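Data first, discussion second: the structure below is written as structure tokens.
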Amino acid sequence: MAIQVQNVTKLFGQQKALNNVSFDVPKGQVVGFLGPNGAGKSTMMKIITGFIQPSSGNVTVNGIAITNESREYRNNIGYMPENNPLYTEMYVKEYLHFVAKIYELGKYGSNRVKDLIELTGIGHEQNKMIGELSRGYRQRVGLAQALLNRPSVLILDEPTSGLDPNQIVEIRKIIADVGKEKTVLLSTHIMQEVEAICSRVIILNKGVIVADGQTNDVMQYGNIEQQVVSIEVTTPVTAEILSKIDGVQEVIQSSNDGCQWILKSSQKQDVRPTIFNFCARNGITLITLSQKSIQMEEVFHSLTQ
């Protein structure tokens, strides 16, 4: 296993940030590590990277125990923390060469810096001072720094926090490309990001794991039983008429012309045939009839509220 976490508990005084947490991440998997603020995500990431020690339990990366605290352990990991601390008074290229020297990469370091400048798309900014960069480019520099020593495991804590939509797409693509050959543990509050690039999801709440599985499988977690169906008809109808459909508890008008509606049902059985038959019997011509799929955001809310 690339990452193996066994029965990890972390106490800060009387506060239990993590409570007997266990999970394994095999090589080459991109995992979304989710949870509300205060759930213990950042604490777990800091433990995996060796910044803090667990109160109890064990962590290994590529078979090397965290208790070893060796350079061999740390060299397996690339880490970009949430606040992405950088030396803002240094130039981009200068900073990356500085980090390469810390890793003692020697002559190989220059080529590695060049490759990462190209990979992260910061070539036009490489001669700028870091303090002059936009947040999006600072995130790219932080990602390049995390990849410098060719780590097999990449830990990213809120890598797209505060970015605009275009920057988010760009950073996502870089992470997806990197994830083809590395193990990535990614913390984020952007659920679309998880659905776009993560093959697996782990959800923490109050220091314990409440969901762990393939992204599509996790969609089935929680207590989401309500069906949401959208319809469009050729001629206007009223909420009073649609509320007579068996199994429909709520009717919401979604257009001003009375032709588009959202119908909600708590039935476990698919309500769409009932809606179709009702419309056919009452001379209502349907243009569209579609069921809204469950979104990761709904699952997250159900498990952590």
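What you see is a predicted model, and the numbers here were worked out from it, not measured in a lab. What's counted below: heavy atoms across the whole structure, side chains too, no hydrogens, waters or symmetry copies.
In the model, Asp157 has a side-chain atom that pairs as donor or acceptor with a side-chain atom of Ser42 under 3.5 Å. No donor-acceptor contact under 3.5 angstrom links the side chains of Thr9 and Ser55, judged on distance only. When only modelled atom types and interatomic distance are considered, Ser22 and Gln6 share no side-chain donor-acceptor pair under 3.5 Å. Side-chain atoms of Gln139 and Gln167 form no donor-acceptor pair, as typed in the model, at a separation below 3.5 Å.
Two rings, from Tyr108 and Tyr103, have their centers 6.0 Å or more apart.
Note on Ile102 and Val92: same hydrophobic cluster, where clusters join Ile, Leu, Val, Met, Phe, Trp and Tyr whose side-chain heavy atoms are under 4.5 Å apart, directly or indirectly. Note on Met45: it clusters hydrophobically with Val5, by side-chain heavy-atom contacts below 4.5 Å among ILVMFWY residues. Transitive grouping of hydrophobic side chains (ILVMFWY, heavy atoms separated by less than 4.5 Å) brings Leu96 and Leu154 into a common cluster. Under the 4.5 Å side-chain heavy-atom criterion for grouping Ile, Leu, Val, Met, Phe, Trp and Tyr, Leu204 is connected to Val59 within one hydrophobic cluster. The cluster map of Ile, Leu, Val, Met, Phe, Trp and Tyr, joined by side-chain heavy atoms under 4.5 Å apart, puts Val141 and Ile155 in different clusters.
Within a 6.0 Å radius of CD in Gln214, more than 12 heavy atoms belonging to other residues, nucleotides or ligands are found. No more than 12 heavy atoms of other residues, nucleotides or ligands lie within 6.0 Å of CD in Glu297, so this atom counts as exposed by the packing criterion. Heavy-atom neighbours of Asp257 CG from other residues, nucleotides or ligands within 6.0 Å: above the threshold of 12. No more than 12 heavy atoms of other residues, nucleotides or ligands shown are found within 6.0 angstrom of CG on Asp246. Counting heavy-atom neighbours within 6.0 Å of Tyr87 OH, excluding the residue itself, gives a total of 12 or less.
Evaluation of the side chain to side chain contact (heavy atoms under 4.5 Å, CB included) rule for Pro26 yields Met1, Gln29, Arg200 as partners, not counting sequence neighbours. In this structure Thr304 satisfies the side chain to side chain contact (heavy atoms under 4.5 Å, CB included) test together with Pro36, Ile203, Asn205, Phe300, sequence neighbours excluded.
Minimum interatomic distance between Ile77 and Pro151 (heavy atoms only, all atoms of both residues): C-CB, 3.4 Å. Heavy-atom minimum distance, Gly179 versus Val30: CA-CG2, 3.8 Å. Of all non-hydrogen atoms in Pro81 and Pro85, the two that sit nearest each other are CG-CD, 3.4 Å. Heavy-atom minimum distance, Arg74 versus Thr49: NH1-O, 3.6 Å. For the residue pair Met129 and Thr88, the shortest heavy atom distance occurs at CG-O, 3.2 Å. Listed here is the closest heavy atom pair of Ile197 and Ala176: CG2-CB, 4.0 Å.
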The test is side-chain contact (heavy atoms from CB on, under 4.5 Å); show your working for Leu18 and Ile47 and say whether it passes.
CA-CA 11 Å; Leu18 295 169; Ile47 289 174; 3.8 Å; yes

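Taking Ile, Leu, Val, Met, Phe, Trp and Tyr as members and joining any whose side-chain heavy atoms lie under 4.5 Å apart, directly or through other members, the hydrophobic cluster of Leu263 also contains Val229, Ile231, Val233, Val237, Ile241, Leu242, Ile245, Val248, Val251, Trp261, Val271, Ile275, Phe276, Phe278, Ile284, Leu286, Leu289.
Classified by interplanar angle (parallel below 30°, tilted 30° to 60°, perpendicular above 60°), the ring pair Phe23/Phe33 is tilted.
The closest side-chain heavy-atom distance from Arg135 to Ser161 is below 4.5 Å.
Cation-pi geometry between Lys10 and Phe12 is satisfied (NZ or CZ under 6.0 Å from the ring centre, within 45° of the ring normal).
Lys128 places no side-chain N or O within donor-acceptor distance of the main-chain N or O of Tyr91, the cut-off being under 3.5 Å. Put simply, the side chain of Glu89 never gets that close to the backbone of Gly131: no donor and acceptor are under 3.5 Å apart.
Between Ser152 and the choices Asn75, Asn76, Ile3, the side-chain contact (heavy atoms from CB on, under 4.5 Å) rule is met once, by Asn76.
The line from CG of Asn166 to CD1 of Ile171 is 12.0 Å long, rounded to the nearest 0.5 Å.
The existence of a salt bridge linking Glu170 and Arg140 is confirmed by a sub-4.0 Å separation between a basic side-chain nitrogen and an acidic carboxylate oxygen.
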